[in-house]
Amino acid sequence: MRTLTKPLQRRNASHNVQAHDPQAHNAQAHESAIKHVTGRATYIDDIPAPANCLHLAVSLSPVAHGRVVGLDLTRVRALPGVVDAIGFNDVPGHTDIGPVFPGDPIFIDTEISYAGQALFAVAAESHRAAREAVKAALDAGVVEIDEQPASLDPVAAAERGEFVRPTHVQQSGDWQATLAQAPLTVAGEQFVGGQEHFYLEGQACLVTPTEDDGVMVHTSNQHPSETQKLVAEVLGVPLHAVTVEVRRMGGGFGGKETQASPWACMAALISRRTGRAARLRLPRAEDMRATGKRHPFHNRYRLGIDAAGVIQGGELTVIGDCGYSPDLSEAIVDRAMFHADNAYSLGQARVTGHRARTHFASNTAFRGFGGPQGMMVIEAAMDDIARRVGEDPLTIRKRNLYRQEDGAPQRRTTHYGQTVEQLGLLHELIERLETSSDYWRRRREITEFNAESPVIKKGLALTPVKFGISFTAQHLNQAGALLHVYTDGSVQINHGGTEMGQGLHTKICQVVARELGLDLDTVRITATRTDKVPNTSPTAASSGADLNGMAARDACLRLKERLFDFAAEHLHTEQGLDREGMRLEAGHLVAGRGASERRIPWGELVQAAYFGRVSLSEKGFYATPLIHYDRETGRGRPFYYYAFGAAVSEVHVDTLTGEYQVSRVDILHDVGDSLNPAIDMGQVEGGFIQGMGWLTSEELRWNAAGRLLSEGPATYKIPTFGDLPPVFNVELLEGHPNSMASLYRSKAVGEPPFMLAISVWSALRDALASLVDYRASPRLDTPATPERVLMAAEALRAPEAKGPREEKVT
């Protein structure tokens with residue numbers, strides 16, 4: 001582990017990770033890195049517009065709730081530069097484009113459900129003309145709206161029974177009796193704010209008409225197959241008439257899993273109606289108003305503990321603010337429930353998840369997919385228990401970790417019935433970080449500092465992460481790949497995953513190069529297309545490399561077997577070729593060992609196979625085994641495995657202003673046997689910083705009428721370079737391959753590091769707790785802006801906060 005103390009030293013070296021196989025684990029650069037930094041990487045708006053291309057602009061509702069009592073699109077079509085305008089009644093096929101459950105109309109029919117919902121779309125000869133036409137149409141009063149009161153409080157909505165999907169419960173044992181018999185109880189509640197995806201490339205698409213009433217869709221999109229399906233349904237054509245292509249995205253983070261489809265559907269409608277190409281790109285402010293965010297959550301807990309602070313049981317409740325429609329909220333709140341335990345045994349517990357309906361944009365997937373919001377409730381409880389029993393929060397966390405106890409098998413089983421594997425890894429990881437970060441020496445020094453410093457307070461926290469890897473919807477855990485070998489020996493791979501900057505394509509190329517024994521520059525990846533690999537799952541749930549890498553490997557293994565059979569039968573040498581020992585390495589087919597070893601160059605093998613009429617193309621497929629979940633009983637094994645990690649954060653807080661700095665962060669993260677340490681390190685670093693932004697500075701604000709106020713970088717603050725901790729130590733855990741048969745025993749790395757940032761929030765609470773000699777833990781909702789930190793400090797300074805207390809749930 002290296003200590004990084006200067007801005008230019010923050011890029012961590014990959015030599016910290018021991019490579020078990022130099023070719024498989026080589027820290028290769030991102031396959032498009034040079035294109036990124038030179039501007040040659042093509043994004044949707046870089047694709048040259050075809051001749052006579054139309055440009056779209058979308059009119060968004062200015063109110064959060066109401067009814068459209070009049071809409072005259074004939075007046076819109078008559079405006080200068082306008083070629084066409086479409087609304088709800090101009091859709092020939094399906095008008096509801098809900099991704100899983102109905103409830104998402106492509107345009108408003110009569111009922112308005114949020115401020116930013118699409119009223120109609122205008123197509124014009126230029127982007128400017130389309131935008132000016134939308135403004136002119138609204139100014140001319142082409143839309144008449146009867147505004148009505150909006151429901152903006154998810155807790156009140158839950159109390160009224162207003163849900164987008166039914167409430168779900170997971171339960172283990174008699175939690176009520178356990179709670180009643182526990183020596184001590186603790187309770188608390190929290191608000192966990194949402195988060196804007198703030199991808200660099202906004203929602204964008206380009207649609208061109210094709211023969212036979214079809215369309216070609218270029219889109220910045222995490223789920224091409226779903227967009228293909230929805231575009232086909234909106235147009236009223238078969239799926240084979242729609243081709244969707246995604247070469248890369250300028251960021252996604254979940255915001256383009258379902259919510260990239262509406263814009264493709266609108267552009268496809270215009271393209272079909274006019275016979276011309278159609279381009280749509282949302283300006284940042286409209287993008288932020290029209291699309292959903294990370295779900296805000298209201299969490300509460302009531303837990304029974306023993307005198308040592310060990311949880312005996314209790315209840316946890318999470319209320320997700322889903323916005324106006326289901327979107328992916330069923331699975332997102334489920335995952336919040338699955339992760340309400342984080343790395344700790346809850347004992348006899350009940351976890352309840354509500355999916356509240358409000359008049360906001362339908363909230364959607366975001367890195368972690370509900371898991372971070374669920375973890376927050378138990379991490380708050382850990383801090384509160386520590387203050388209640390007078391122990392250090394790290395001591396309490398370690399006592400409550402999942403563990404193997406004689407006579408207590410439930411201590412390694414989750415509240416939904418899955419056994420937690422690799423418990424030794426979890427404990428070792430935390431102990432190693434505890435030592436390498438010098439936690440206890442720093443704790444003593446911080447306690448002494450706080451006792452002498454009346455205004456500036458320091459805080460320290462170590463928090464673990466246990467994150468389940470798999471889609472919780474079982475059918476999504478599948479992937480396909482298409483492999484081509486050309487007669488010059490070059491290789492092309494295509495798969496169902498999409499590249500949003502995370503390095504998925506790089507890892508897939510590495511898999512193919514490893515299996516075929518080739519240099520990485522021999523393998524090229526092509527854009528994700530629905531006519532190459534069909535019926536794909538979204539690139540989400542941290543499963544991109546796990547699923548698509550295994551599919552690509554399957555294609556390679558099948559092709560290798562065919563080539564080996566051909567070589568053994570047709571490529572005779574003086575001693576013959578040993579079929580059993582054949583392998584591909586260093587650009588050769590190798591048969592036999594020692595003195596009997598024979599080598600045939602890869603190019604010669606491919607040429608011979610071609611002339612021998614052997615197919616040099618293969619498809620691969622993979623489906624994750626073992627996983628299952630029964631929603632009726634709330635029990636099962638929804639995850640193939642867990643990824644672990646831990647972070648230590650130190651903060652300095654000015655308790656008179658609420659301002660603070662993150663002064664040091666130490667991270668140790670489990671990625672199994674890393675596929676690419678350089679990329680994995682970047683994912684850990686980036687995930688942590690993005691998580692820190694969610695918990696500290698990224699505040700979404702709406703006015704009383706439900707209109708988004710934080711609609712751009714001037715009012716919505718993502719982390720910047722200056723927010724990086726001056727000391728930022730990041731290390732990948734070595735020597736612990738995945739216990740499950742994953743891709744080369746690696747582990748997913750996309751989402752798990754995000755939750756490491758909870759340590760920053762916990763450290764802020766730790767610093768504030770020093771105001772009352774660590775006898776109480778403050779309520780600190782997120783994002784923990786300086787204003788919220790100051791209010792928490794003032795609450796602790798109040799007379800009633802001076803002694804020990806038990807937080808109550810209202």
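Source: prediction; values computed, not measured. Just the heavy atoms: all of them, side chains too, but no hydrogens, waters or symmetry mates, feed the values below.
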Completion exercise
Contacts of Trp694 meeting ring-ring contact (aromatic ring centres under 6.0 Å, His included) (sequence neighbours excluded), chain-then-number -> Phe754
Problem - Pair Thr526-Asn494, side-chain donor/acceptor within less than 3.5 Å - result: yes
Exercise for the section: Kindly compute the distance separating CG (Leu743) from CZ (Arg745), expressed to the nearest 0.5 Å. Expected result: 11.0 Å
Exercise for the section: Validate the cation-pi geometry between Arg514 and Tyr744: distance from NZ or CZ to the six-membered ring centre under 6.0 Å, angle to the ring axis within 45°. Expected result: yes
Exercise for the section: Indicate yes or no for a side-chain donor-acceptor contact from Gln683 to the backbone of Gly503 under 3.5 Å, with no hydrogens or angles considered. Expected result: no
Which side-chain N or O atoms in residues 242-252 pair as donor and acceptor under 3.5 Å with protein atoms at least two apart or in another chain?
{"residue": "Glu245", "atom": "OE1", "partner": "Arg529", "partner atom": "NH1", "Å": "2.8"}
{"residue": "Arg247", "atom": "NH2", "partner": "Glu31", "partner atom": "OE1", "Å": "3.1"}
{"residue": "Arg248", "atom": "NH1", "partner": "Thr42", "partner atom": "O", "Å": "3.3"}
{"residue": "Arg248", "atom": "NH2", "partner": "Ser32", "partner atom": "OG", "Å": "2.9"}

Exercise for the section: Indicate whether the side chain of Asp287 and that of Tyr199 have a donor and an acceptor atom separated by less than 3.5 Å. Expected result: yes
Exercise for the section: Compute whether any side-chain donor of one residue and acceptor of the other, for Ser261 and Thr227, lie under 3.5 angstrom apart. Expected result: yes
Problem - Rounded distance [0.5 Å steps], OG in Ser490 versus NE2 in His484 - result: 11.5 Å
Exercise for the section: Could you walk me through whether Lys293 and Glu698 pass the salt bridge (charged side-chain N to carboxylate O under 4.0 Å, His left out) test, one step at a time? Expected result: CA-CA 12 Å; Lys293 322 296 179 195; Glu698 298 185 40; over 6 Å; no
Handout entry: Distance-only polar pair, side chains of His127 and Arg281, donor-acceptor under 3.5 Å
Key = yes
Handout entry: Residues forming a ring-ring contact (aromatic ring centres under 6.0 Å, His included) with His36, sequence neighbours excluded
Key = His30
Handout entry: Counterpart residues, ring-ring contact (aromatic ring centres under 6.0 Å, His included), relative to Tyr641 (two or more places apart)
Key = none
Exercise for the section: Give a yes-or-no answer on whether the side chains of Glu201 and Ser220 include a donor-acceptor pair shorter than 3.5 Å. Expected result: yes
Exercise for the section: Check the side chains of Thr624 and Ser470 for a donor-acceptor pair under 3.5 angstrom, ignoring hydrogens and angles. Expected result: no
Handout entry: Heavy-atom donor-acceptor pair, Lys747 side chain to Tyr642 backbone, under 3.5 Å
Key = yes
Problem - Partners meeting side-chain contact (heavy atoms from CB on, under 4.5 Å) with Pro538 (sequence neighbours left out) - result: His223, Glu257, Phe471, Leu476, Ala540
Exercise for the section: Measure from the side-chain N and O atoms of Arg276 to the backbone N and O of Ile270, and report whether any donor-acceptor pair falls under 3.5 Å. Expected result: no
Handout entry: With Ala551 via side-chain contact (heavy atoms from CB on, under 4.5 Å) - residues at least two apart
Key = Ala479, Ala481, Tyr622
Completion exercise
Rounding to 0.5 Å, atoms CD (Gln195) and NE2 (His197) come to a distance of 8.0 Å
Practice task
Examine Arg335 relative to Phe639 and say whether NZ or CZ is less than 6.0 Å from the centre of the six-membered ring and inside a 45° cone about the ring axis.
Solution key: no
